[in-house]
Amino acid sequence: MMADIFSASFITGLIGATLRMSTPIILATLGEIITERAGVLNLGIEGIMLFGAASGFLATLATGNLWFGILMAALSGVLLALLMSFLAVNLGLSQHVAGLGITIFASGLAMFIYRKAVGSPVVPPTVHPFSPLAIPFLSDIPFIGESFFKQYFLTYITWALIPLVSIFLFRTRFGLRIRTMGQNPFAADTVGVNVNRTRTICLAIGGALFGVAGAFLTLAHQNMFLIDVVGGRGWIAIAMTIFGNWNPLMGSLGGLMFGFLDALQLRLQSVGIHLPIHVFLMIPYLMTIVALVGVSRKATVPAGLLKPYRREEKGG
Amino acid sequence: MVDITKRFVDVVANDKVSFSLFPNEVCALLGENGAGKTTLMNILFGYYLCDSGEIRIYGRIVRLGSPKDAIAHGISMIHQHFTLVPSQSVLENAMIGVEGGFFLDKKKARKRLLEIEKQFGLDLDPDAMAFTLTIGQQQKLEILKALYREAKILIMDEPTAVLAPIETRELFATLRTLVDNGRSVVFISHKLNEVMEISDRILVLREGKNVAERKKSETRVQELASLMVGREILESLQCSDSAAGNTVLQLKNLRVRNSKGVVALDGFSLDLREREIVGIAGVSGNGQTELSELLFGIRRPEEGSIVLDGKEVPGGSPSAMIRAGMARIPEDRISTGVCMDLSVMDNMILVDHCREPFSKLGLINGREIRSWVLDRVRDFQVKTDGVDAPVKSLSGGNLQKVILARELAGQPKIIIACQPTRGLDVGAMEYVHQAILRQKERGAGILLISDDLDEVLLLCDRVIVIYEGRIMGELCSDGIDRERIGLWMSGVA
């Protein structure tokens with residue numbers, strides 16, 4: 001058994017799976033970081049991911065086109081995020097209540113349209129999922145090539161997005177504005193930045209990423225839609241946002257860690273250690289909690305988070 | 001600005017107010033709190049929209065729908081509460097909103113910022129994080145922000161409220177440089193001496209209306225005071241002189257660290273007697289906050305002892321302090337003085353709720369509390385829509401009355417008053433001062449910690465000056481030497 005674990009194929013497989021498994025977490029974490037940096041906590045994430053998983057899957061099932069499915073997932077993510085924006089930004093409702101409401105609503109709606117579209121067949125319908133894309137030459141490098149350069153296209157995009165989001169937040173003027181309104185919306189307003197509009201845009205970008213993250217699960221990771229396909233990955237992304245101290249690089253590192261543990265538990269199951277399956281399923285979540293306890297005490301929450309911005313509240 | 005009218009839900013904040021500003025001048029907008037000064041300027045800044053009236057800039061009618069429009073017309077406003085992002089650098093704070101280009105060009109922005117700093121004599125390190133700046137430096141940063149936006153008109157809302165005397169002098173020098181360089185400044189204030197010192201022209205507002213306009217050369221402090229308040233105000237306070245009694249509070253050799261672990265008070269000793277007001281003067285941030293926290297029982301001393309009424313009390317226990325007969329008036333009334341969302345009644349009973357007759361067998365007796373609170377509201381002339389109204393609906397002066405009513409209810413032996421009139425208007429300030437003097441006559445020992453030197457000199461029998469957590473010196477009220485106090489406050493022995 002130990003020999004199995006330390007074999008080359010086990011390790012290359014593990015690294016490859018880590019990158020795959022962490023893709024949706026990292027996508028969702030990046031989305032949540034952008035949103036929270038602007039001062040909005042989007043607890044609708046879990047529901048939006050599930051809805052993206054369903055709409056992406058159904059769109060592909062209907063047309064046979066995987067990228068059309070991804071597009072639909074992104075669009076539906078944007079729509080739900082705009083609903084969140086209307087409630088939490090425009091109406092200024094509690095971000096907790098609005099976000100949880102969106103999650104419950106979107107989860108129900110996802111199941112509803114899925115049932116509406118496919119009914120209740122004994123064998124759930126499947127699509128032909130994305131296949132890994134081997135990068136010429138690089139994938140031929142022994143050991144490394146197998147793990148790193150035979151991934152889904154979406155995984156490559158995700159890895160490209162990590163530095164891009166980082167540059168966007170810390171090196172562009174929009175990033176500066178977003179960070180400012182997340183800390184002190186009043187400061188942003190008084191220098192002529194439209195706080196609520198920018199927050200809406202950030203929510204929309206985040207929503208698109210959530211939707212795609214969900215669709216990755218039904219169009220790449222698996223090839224069918226199940227009600228528990230997201231399995232709390234949205235909440236994990238929220239945790240990783242805190243774990244990463246609202247920094248895209250650190251947050252992605254957290255996502256990678258979760259992906260690794262998720263991949264590891266699957267592999268350990270197949271190696272044949274005799275423990276109930278639930279123990280393995282628990283590992284990534286348990287480790288996330290442990291990591292959070294250690295790190296989150298040092299986290300500095302954006303000061304404007306959770307606070308709706310209103311201008312004309314009281315006269316001076 | 002001509003005939004500006006602005007209503008909030010049920011109050012008319014500005015009623016046909018007109019205001020004009022000329023190039024190269026400092027124009028003061030004088031009035032009590034709630035006179036509509038800030039509202040008027042927020043309208044000029046595009047932050048509020050006026051209900052009627054028109055605004056002309058260089059003769060042209062403009063519509064200012066948001067701060068963005070105002071900035072485009074060269075208007076910047078520095079609010080009383082600074083609009084900085086603590087976790088960002090000076091440079092980032094200055095360039096936000098006018099970054100130019102998709103990517104942040106920090107090199108160019110830094111060059112521009114340094115040029116402005118040089119031109120106006122404002123020295124700030126562009127890479128310093130905003131949270132490391134002192135209040136005075138933060139204000140400089142706000143001015144830099146405005147200049148970075150090429151502001152021609154600078155509106156400053158009560159800029160000296162948070163400053164120490166030296167910082168105020170620096171600010172005034174800066175304002176002069178601004179005016180000499182073709183800028184115009186609107187100086188919102190209710191401090192008469194400062195208005196007389198810095199402004200060229202003074203516009204007085206009262207209850208949302210224009211009252212008067214004066215050139216500085218044609219008016220005096222007394223005239224402005226009566227214009228502002230609408231009546232003659234008392235210039236001095238009266239208090240029957242009586243000898244101080246026994247010692248009620250004794251601090252011995254205290255040493256305290258602040259939240260960052262830095263020693264904030266060191267070797268601090270003090271005696272406070274009955275029928276005595278002792279003032280702690282000093283530039284803010286020299287240990288006053290820590291001293292008050294220590295006395296309130298929310299911070300533990302590292303060394304030294306606190307003796308209340310002859311008995312040593314352990315540090316770090318607020319309830320021990322209350323039991324020993326201490327009344328506490330905290331410096332930040334909104335965040336530590338009251339719970340903004342709770343009612344006037346709940347806030348007033350916070351200290352006494354657990355004693356008879358308000359509480360029996362662990363149950364609160366609402367009827368007793370209500371009648372007691374009603375009495376207090378009447379005695380202290382708290383203006384409120386009833387005892388069930390949340391305290392956040394009260395003005396600053398009335399909030400302070402709620403706190404006074406609560407803290408003074410139990411005939412305390414010792415009163416610790418921290419910045420008791422900070423941000424209050426002249427009327428409310430007078431009320432608080434009278435209340436403190438009445439307590440002294442009753443026999444309480446009062447420790448007054450205040451950044452407002454005038455207030456300390458007006459009320460106190462003895463003045464202690466602290467600098468960097470150490471006592472620089474002590475003077476009795478009959479031997480007051482402002483010059484000396486000023487030197488002590490800046491650390492010169």
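Lettering of chains follows the sequences in order, A, B, ..., and the numbering in each one begins at 1. For clarity, every value in this text was computed on a predicted model and none was experimentally measured.
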For this session: Could you walk me through whether B/M77 and A/T190 pass side-chain contact (heavy atoms from CB on, under 4.5 Å), step by step?
Result: CA-CA 8 Å; B/M77 180 158 176; A/T190 52; over 6 Å; no
For this session: Give the minimum heavy-atom separation between A/F170 and B/L104, together with the two atoms involved.
Result: O-CD1, 3.8 Å
Exercise. Any idea which heavy atoms bring A/G192 and B/P67 closest together, and the distance?
Worked result: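 Closest pair (atom of A/G192, atom of B/P67, distance): N-CB, 4.4 Å.
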Seminar exercise, completed: Those residues of residues 130-160 of chain B that come under 4.5 Å of chain A on a heavy-atom basis, listed by number, are B/K145, B/R149
Is it the case that more than 12 heavy atoms not belonging to [X] sit under 6.0 Å from its [atom1] atom?
| X | atom1 | value |
| --- | --- | --- |
| A/F105 | CZ | no |
| A/L138 | CG | yes |
| A/F153 | CZ | no |

For this session: Not counting sequence neighbours, which residues clear side chain to side chain donor-acceptor pair (under 3.5 Å) with B/R110? List them please.
Result: B/D127
Contact class of [X] relative to chain A, heavy atoms under 4.5 angstrom:
| X | value |
| --- | --- |
| B/I96 | both |
| B/S66 | both |
| B/E92 | both |
| B/H81 | backbone |
| B/F82 | backbone |

Exercise. Applying a criterion of heavy atom separation less than 4.5 Å, what residues of residues 160-168 of chain A form contacts with chain B?
Worked result: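 Contacts with chain B: A/I167.
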For this session: Considering only heavy atoms, give the residues of residues 173-189 of chain A separated from chain B by less than 4.5 Å, sorted numerically, with 'none' for an empty result.
Result: A/R173, A/F174, A/L176, A/R177, A/R179, A/T180, A/Q183, A/N184, A/F186, A/A187, A/D189
Exercise. Once you round to the nearest 0.5 Å, how far does CZ of B/F103 lie from OG1 of A/T172?
Worked result: 7.0 Å
